[in-house]
**Q** 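My questions will all concern the structure given below.
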Amino acid sequence: QFAWILSFILSDKHITIGNAISNKTDEIAKVIATQEKIEEIELSIEGLLSCVLAIELIDNLLEQYVKHYRAEDTQFEVLQNEKKDEFELAPGIPFIVKVDLVVRKQGCIYALDHKTTKKSFGWDYWGQYDPNPQVTAQTAYVQSRFGECSGVIINALSFGFRTRKYMGEPAGFHCSFQRQLFNRNREQVEAWKKDTLWWISEVDTHKAGAHSIYYPTWPKNEGQCRFCSYKNICISCADEQIIEQLYEKHNATAYLQGD
């Protein structure tokens, strides 16, 4: 059942790759039709082969994932799958979450979150989840929805492709899988709620422009502007022409609607 869910999550990649293959095929046809440089044909074919390789890697990943977790996954009862929902942080203040899975195992209820990475599994990787606002939010949600939560299982998949041997590992596709359980106690959940409510109030205040003489905005921290991709907005004091010319606006919560 988790293999099917993983396949569903990666299905968008198949669609994207399919579109890429179609686009590369069109590129090759145009190059040949206009009798352009042979180097451009070679580059287009290389891109096409990369798309095909990506499909093979995903299929390989899914096959190994199924083999690795076949026995363990039979112990899970799926209570909820890929659902966007909300719960109250405080009376009248909703908080939206999207949890990959809620499962029951041996009488205990867990949230389960899929993660992919190119990193190897060690403290550098697992340390990011403790503390972690997403893990705490999912814990609070499951407690609110199901009355209890024994933790959040991070279902991590590490994969990549080596062009040559490295540290004794062979060249080619490689992948590994690990799961770790992260718990939150009552004090940690309540502290997260208080922190989140404070941030919400700060965002609302600055959206209203109460602390800015120029426009509704978050206060600038000019000591951190050196590597910021948006510093042109601050330099221009949010000039609409600068924003329109240099940036594209995206809906940061589109994934919650499945877009």
Side-chain angles (χ1 to χ4, degrees), residues 1-10 13 57-58 60-84 87 95-146 148-162 166-170 172-196 199 252 255-256:
Q1 55 196 356
F2 281 147
W4 178 87
I5 292 165
L6 180 62
S7 179
F8 176 79
I9 291 170
L10 294 177
K13 293 186 178 180
L57 295 185
I58 291 173
N60 192 341
L61 174 68
L62 290 172
E63 181 181 356
Q64 294 195 44
Y65 179 88
V66 171
K67 290 180 180 178
H68 188 82
Y69 284 121
R70 189 187 303 276
E72 181 177 338
D73 286 356
T74 60
Q75 302 176 37
F76 290 108
E77 175 190 356
V78 177
L79 304 179
Q80 184 175 296
N81 172 33
E82 280 287 323
K83 182 178 180 181
K84 181 186 75 172
F87 67 103
F95 189 88
I96 299 174
V97 295
K98 190 172 184 180
V99 182
D100 289 340
L101 280 174
V102 180
V103 299
R104 179 184 286 118
K105 178 182 178 182
Q106 298 178 345
C108 298
I109 296 177
Y110 305 90
L112 189 147
D113 196 53
H114 301 298
K115 301 292 185 184
T116 59
T117 181
K118 294 181 179 179
K119 297 180 179 179
S120 59
F121 296 128
W123 171 247
D124 287 345
Y125 178 77
W126 293 114
Q128 66 183 303
Y129 298 113
D130 195 10
N132 180 280
Q134 183 185 28
V135 170
T136 312
Q138 292 189 3
T139 301
Y141 163 73
V142 173
Q143 289 175 344
S144 173
R145 174 72 173 78
F146 295 92
E148 63 175 278
C149 182
S150 296
V152 176
I153 300 170
I154 300 297
N155 182 41
L157 298 80
S158 173
F159 60 94
F161 186 86
R162 300 188 189 94
Y166 177 74
M167 300 289 289
E169 298 292 334
F173 174 78
H174 62 92
C175 62
S176 59
F177 315 105
Q178 282 193 26
R179 290 173 176 170
Q180 292 283 351
L181 175 64
F182 293 89
N183 301 106
R184 296 290 187 269
N185 59 37
R186 184 187 301 273
E187 290 77 13
Q188 289 170 327
V189 172
E190 290 303 314
W192 169 80
K193 287 182 178 180
K194 290 179 180 179
D195 290 341
T196 304
W199 282 110
Y255 75 98
L256 293 172

**Q** Rounded to the nearest 0.5 Å, what's the gap from CD on Gln178 to NZ on Lys115? Could you check?
**A**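 So the gap between those two atoms works out to 16.0 Å.
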**Q** Mark yes or no: Arg179 above the aromatic ring of Tyr69, with NZ or CZ under 6.0 Å from the six-membered ring centre and no more than 45 degrees from the axis.
**A** yes
**Q** Taking all non-hydrogen atoms of both residues into account, name the closest pair between Cys149 and Val142 and its distance.
**A** CB-CG1, 3.7 Å
**Q** List the residues meeting side chain to side chain contact (heavy atoms under 4.5 Å, CB included) with Glu148, not counting sequence neighbours, and say none if there are none.
**A** Ile109, Ser150
**Q** Excluding sequence neighbours, so at least two apart, what forms ring pair (Phe, Tyr, Trp, His ring centres under 6.0 Å) with Tyr129?
**A**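 Only Tyr125, Phe182 meet the ring pair (Phe, Tyr, Trp, His ring centres under 6.0 Å) criterion with Tyr129.
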**Q** For Tyr65 and Asn155, which I'm curious about, is there any donor-acceptor pair between the side chains at under 3.5 Å?
**A**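 Yes, a side-chain donor-acceptor pair sits under 3.5 Å.
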**Q** Within a strict 4.5 Å, meaning less than it, do heavy atoms of the Asp113 and Gln138 side chains meet?
**A**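 They are in contact (side-chain heavy atoms under 4.5 Å apart), so the answer is yes.
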**Q** Can you tell me how far NZ of Lys118 sits from CG of Leu157, rounded to the nearest 0.5 angstrom?
**A**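 Those atoms lie 14.5 Å apart.
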**Q** Do the side chains of Ile154 and Val135 get nearer than 4.5 Å, heavy atoms only?
**A**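 Yes. Closest side-chain heavy atoms under 4.5 Å.
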**Q** Is the shortest side-chain heavy-atom distance between Glu82 and Asp100 below 4.5 Å?
**A** yes
**Q** Which atom pairs, donor and acceptor, lie under 3.5 Å between side-chain atoms of residues 186-193 and protein residues at least two apart or in another chain?
**A**
{"from": "Gln188", "atom 1": "OE1", "to": "Asn185", "atom 2": "N", "distance (Å)": "2.9"}
{"from": "Trp192", "atom 1": "NE1", "to": "Thr196", "atom 2": "OG1", "distance (Å)": "3.2"}

**Q** Taking salt bridge (Lys or Arg N to Asp or Glu O under 4.0 Å) as the definition, give me every residue that meets it alongside Lys83, ordered by chain and number, with sequence neighbours left out.
**A**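 Salt bridge (Lys or Arg N to Asp or Glu O under 4.0 Å) check on Lys83 returns Asp85.
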**Q** State the CG-CG distance between Leu79 and Leu112, to the nearest 0.5 angstrom.
**A**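 Rounded to the nearest 0.5 Å, the CG-CG separation comes to 11.5 Å.
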**Q** Just to verify, what does Lys105 make a salt bridge (Lys or Arg N to Asp or Glu O under 4.0 Å) with, not counting sequence neighbours?
**A**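 By the salt bridge (Lys or Arg N to Asp or Glu O under 4.0 Å) rule, Lys105 matches no residue at all.
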**Q** If you take all heavy atoms of Gly151 and Asn183, which pair is closest and at what distance?
**A** CA-ND2, 3.8 Å
**Q** When Phe121 is tested against each of Phe177, Phe159, Trp126 for ring pair (Phe, Tyr, Trp, His ring centres under 6.0 Å), which residue passes?
**A**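 Among Phe177, Phe159, Trp126, the one meeting ring pair (Phe, Tyr, Trp, His ring centres under 6.0 Å) with Phe121 is Trp126.
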**Q** Could you tell me whether a side-chain N or O of Ser144 sits under 3.5 Å from a main-chain N or O of Ala140, the two making a donor and an acceptor?
**A**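 Here the side-chain-to-backbone pair does not exist.
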**Q** Residues two or more places apart in sequence or in another chain: which of them pass salt bridge (Lys or Arg N to Asp or Glu O under 4.0 Å) with Asp130?
**A**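 Applying salt bridge (Lys or Arg N to Asp or Glu O under 4.0 Å) to Asp130 gives Arg184.
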